[in-house]
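All ligand and atom numbering here is 1-based and tracks the order in the structure. Just so you know, residue 1 is the first one in the sequence shown, and it goes up from there. Because the structure is predicted, anything quoted here is derived from the model rather than measured.
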Amino acid sequence: MLQEKLIEKGKKYLANTYTRFPIVVTKGEGCWLWDMEGRRYLDFLSGIAVCNLGHAPKSVVEALTNQANRFFHVSNLFHTEVQIRAAELLVEHSFADKVFFCNSGAEANEAAIKLARRYSWKKYGEGRAEIVAMENSFHGRTMATLSATGQTKFHVGFSPLLEGFAFVPFNDRSALEKAISERTCAIILELIQSEGGVYVADKEYIKFIRELADQRDILIILDEVQTGMGRTGKLFGYEHYGMEPDVVSLAKALGGGFPVGAIIAKEGAASAFEPGAHASTFGGNALACSAIVATINTLIGEGIVANCDKMGKLLVEGLLALKRKFPFMVDVRGMGLLLGIELSIPGELLVQEFLKEGVILYATKGNVLRLLPPLIVSREEVDLFLDIATRVFERQKP
Ligand SMILES: *Cc1c(COP(=O)(O)O)cnc(C)c1O
């Protein structure tokens, strides 16, 4: 009752931009959430791939508390040890030499787009600012990242979009080769098109892009906002591909639930930004950076990335067994704990059925169920999920 009343109140005061679960969350711990009525839910959504360490992870709580007792924010007119440490950790564990901090995935992609254009402008002058992006991609909701997003449903009513983006089908080598011209400065793509329905980039395709980019001095921007921070079973998605990108955008899980974003880049590309070229007031905020440091240390130090790989394989194994039993399961795909189940029936229907059973997950593209559990998920929790999935799927039988 109380919960329903509060939901009604929310509708009165909040902009009507989201379709929400009928739940008021009051507590989170590990892979579990509680609502106002004391009901417990197994969270296979993780705040949309944000809570990779689960809810209220001790190391991040401690880091934030300690930092909050010192100072929150001083701006980028100062040096802070915690910001330098966060950047050092990202560089130590990646291909990159330099880090720029911001606050969200869209803002990270904005920075990547600006960096690529600036890099090209410094080297080649005007007229070489086009960015080739992928059909079915998702890069964010700001005007530039919307313009780079290859799904028209997100564009409706927001014209004119920004100029300078060309689109090609994902995983199509010859289309990409044809789209590259003397005007191209960068290619932007996700390694897994998660919002687009969980489509994984081919290994050969990514190798081909690297060769093409090297020949033409084009930057490769990987949007790892969702695939980063252990989600695919390695710290960064590109590690699966035996290639190094030029720029990677990060956000979502980077702060263990604290809102942060960043781009990490090779020196050559990063040097296109000099003082005054780009900035963000909150970027690299001390609280945010304390969360980043704790998140990276915990992901690596406590074997959580390895757990993601192991639990991901277990989950896929279980799902493939279910697929043999339930013909409406068309495909199971993804990497690590970024998994999609393509269905021949509406996904939304099943999301509601799972919710009744106390499991939170999400559908995309109408008929793809997306599984994004915290990377700390245990074998028992994976088994519990598979048991519940069996029950839910059995009810769908005609
Ligand atoms: C979520 C997401 C974004 C946008 O991130 P925001 O923090 O919501 O701006 C961009 N790219 C990808 C791949 C994402 O998954």
Q. Which protein heavy atom lies closest to atom 7 (O) of ligand 1, and at what distance to 0.1 Å?
A.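 Residue, atom and distance for the closest contact: G105 N, 2.8 Å.
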
Q. For atom 4 (C) of ligand 1, what's the nearest protein heavy atom and its distance?
A.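 Answer, as residue, atom name and distance: A106 N, 3.8 Å.
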
So, are [X] and [Y] salt-bridged, with charged N and O less than 4.0 Å apart?
X	Y	result
E274	K122	yes
E195	R370	yes
R210	D246	yes

Which ligand 1 atoms does [X] reach within 4.0 Å, using its non-hydrogen atoms?
X	result
S104	7 (O), 9 (O)
Q226	15 (O)
N109	10 (C), 11 (N)

Q: Out of T142, I192, T227, D223, indicate the one that has the non-hydrogen atom closest to atom 12 (C) of ligand 1.
A: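 It is D223 whose heavy atom sits nearest to atom 12 (C) of ligand 1.
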
Q) For atom 14 (C) of ligand 1, which of E195, H139, K252, R141 has the closest heavy atom? A)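 That would be K252.
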
Q) Above 12 or not: heavy atoms from other molecules or residues under 6.0 Å from CD of E29? A)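 Not more than 12 within 6.0 Å, no.
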
Q: Anything under 30° is parallel, anything over 60° is perpendicular, the rest tilted; go ahead and classify F44 against F385.
A: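 F44 and F385: parallel rings.
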
Q: Taking the side chain as every heavy atom from C-beta outward, state whether Y41 and R39 have any atom pair closer than 4.5 Å.
A: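 Answer yes - side chains close enough.
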
